[in-house]
Amino acid sequence: MVLRSPLYENQVKLGAKFTEFAGFEMPIQYSSIREEHFVVRKKVGLFDVSHMSNVWITGSDAAKLISLTTVEDASRVEDGKSQYTAILRENGTIIDDTIFMHLNEKFMMIPNAGMNQIVTKWLNEQAKKHHLKAKAEDVSREYVILAIQGPKSKETLQKLTQTDLDMVKFFGCQVVKVADVECILSHTGYTGELGFELQITPTKKAAVVFDALLSAGDEFGIQPIGLGARDTLRLEKAFMLAGNEFEGGRTPLEATLGWTIFWDHEFIGKEALLKQKEQETYQRMTCLECVEKGIPRHKCEIQKDGTVVGIVTSGTLSPCLNIGIAMGYVMPDKREVGSILDIMVRDKPVKAKVMKPPFVPKDWAQKYERIAT
Amino acid sequence: MTHDVRDGLKYTKTHEWVKLTGAKAKIGITDHAQEELTDIVFVELPTVGKEVKKGDELCVVESVKSVSEVYTPVSGKVVAVNTKLDDSPEIINGSPYDDGWLVEIEVKDKSEVNTLLDAAAYKKL
């Protein structure tokens, strides 16, 4: 069965084209991916990301359960803070990457689309196995998730809430009212721009917020944004897309998410990671920028002197840079910044340079914009 | 279908068009196809002189998100390619039937063209 967002009808009216993603029929684009991409980089865009999951983690051992099942020590995450982390299998590979929010005594976790049941089941199994007084509850279908992103996102949102958004720090979260509707607000996003995410329940109240945000942002040129631009926006910042970058089982060390690991606590998968850390011979996530024409895509081979040295997990034409960019896994001795590798696009090599992420720097539109839209 | 369909051209079910002038056929993608793709950002053209058979892959047209093959509706030899598309592939979005043509083929067998759809039949798809 294909699921739809509670805002489906609103999106149809706005002229959305739909695609299926992780079992959901969601807007891929409204006007065009390129146009929407630049709206978010330069102005403000509104995303419906209700396909993402919502899981409440409650009980006196809630923090302990998160600490056990993620690379983060949740006791370090203060009330009112969001944290990006990863849930691992015993063998160290990533089940899912996620953000969790500390909201008073409870935690809300936001697993990826289609991961709600897997993550909830895994957490409850581990709670039982380790005798923790904690419960995970899948409430994904009870929430609409909106993301408002772009340099004008704060000004837009501020028009609809009494909460002083200057007081909400990056990765801060709290319950606020937006257009008189109670929402969980988190100062987070997946675009690399200034932005906020809103969790709204019951879902029937979401249309009010959705419409109010579009009206409030009108003076700044707001547009609804589809999943197409969401993907190009995140790729320019080299943010992971779980289904692509963790496909086939990748550890956080391979995914260059070592910075998320808080080593000084016990967690599932730690032993495997410690073992891997001692080796040098594992592929690592690598950013590649094409230096000639061609667009790398998912599963293109990466070669050096005719030998396969890795594989592309995500690739696109970067709308901001107007060149092909790719993320992929490469052996460590082949990924020195500045070195040139071949990405095989339809059996032809396209030369690409190893880059330090992100491809597109912070506040690109203000500093570097050179393409007229 | 609200898209532009030109009379006098021949069409395929896979949304290519053919314009036959003498023994030469210009080939492109239809207004419907360019709208489905939106934001065409890259076109891979064949080399001039290449011999192609009806149904072969002729070009690759890429949008930001997708890769689409264009199949040749006729057999023959590639005699010209639209090199303007190398630097400005978006021309196809603005002018799919005129400036956005892809390839010109010297047709081997003109009767192949007759088997293609006419504008009225293509509109019905």
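At a 4.5 Å heavy-atom cutoff, the contact between B/E35 and chain A is made by backbone and side-chain atoms alike. Both the backbone and the side chain of A/S32 have a heavy atom closer than 4.5 Å to some heavy atom of chain B. Proximity to chain B (any heavy atom under 4.5 Å) is shown, for A/K293, by both the backbone and the side chain. Contacts of B/N93 with chain A are absent, with no heavy-atom separation under 4.5 Å from either backbone or side chain.
The cationic group of A/R4 lies under 6.0 Å from the six-membered ring centre of A/Y8 and within 45° of the ring axis, placing it in a cation-pi geometry.
Nearest heavy atom pair, residue A/L194 against residue A/S153, reads O-OG, 3.0 Å.
The shortest side-chain heavy-atom distance between B/W17 and B/V5 does not fall under the 4.5 Å cut-off. Looking at heavy atoms from C-beta onward, A/D231 lies out of side-chain contact with A/F239 at the 4.5 angstrom threshold.
Considering only heavy-atom pairs separated by less than 4.5 Å from chain A, the leading option among B/T38, B/V60, B/V41, B/V67 is B/V60.
Note: B/H32 and B/Y122 fail the aromatic proximity criterion, with ring centroids not under 6.0 Å apart.
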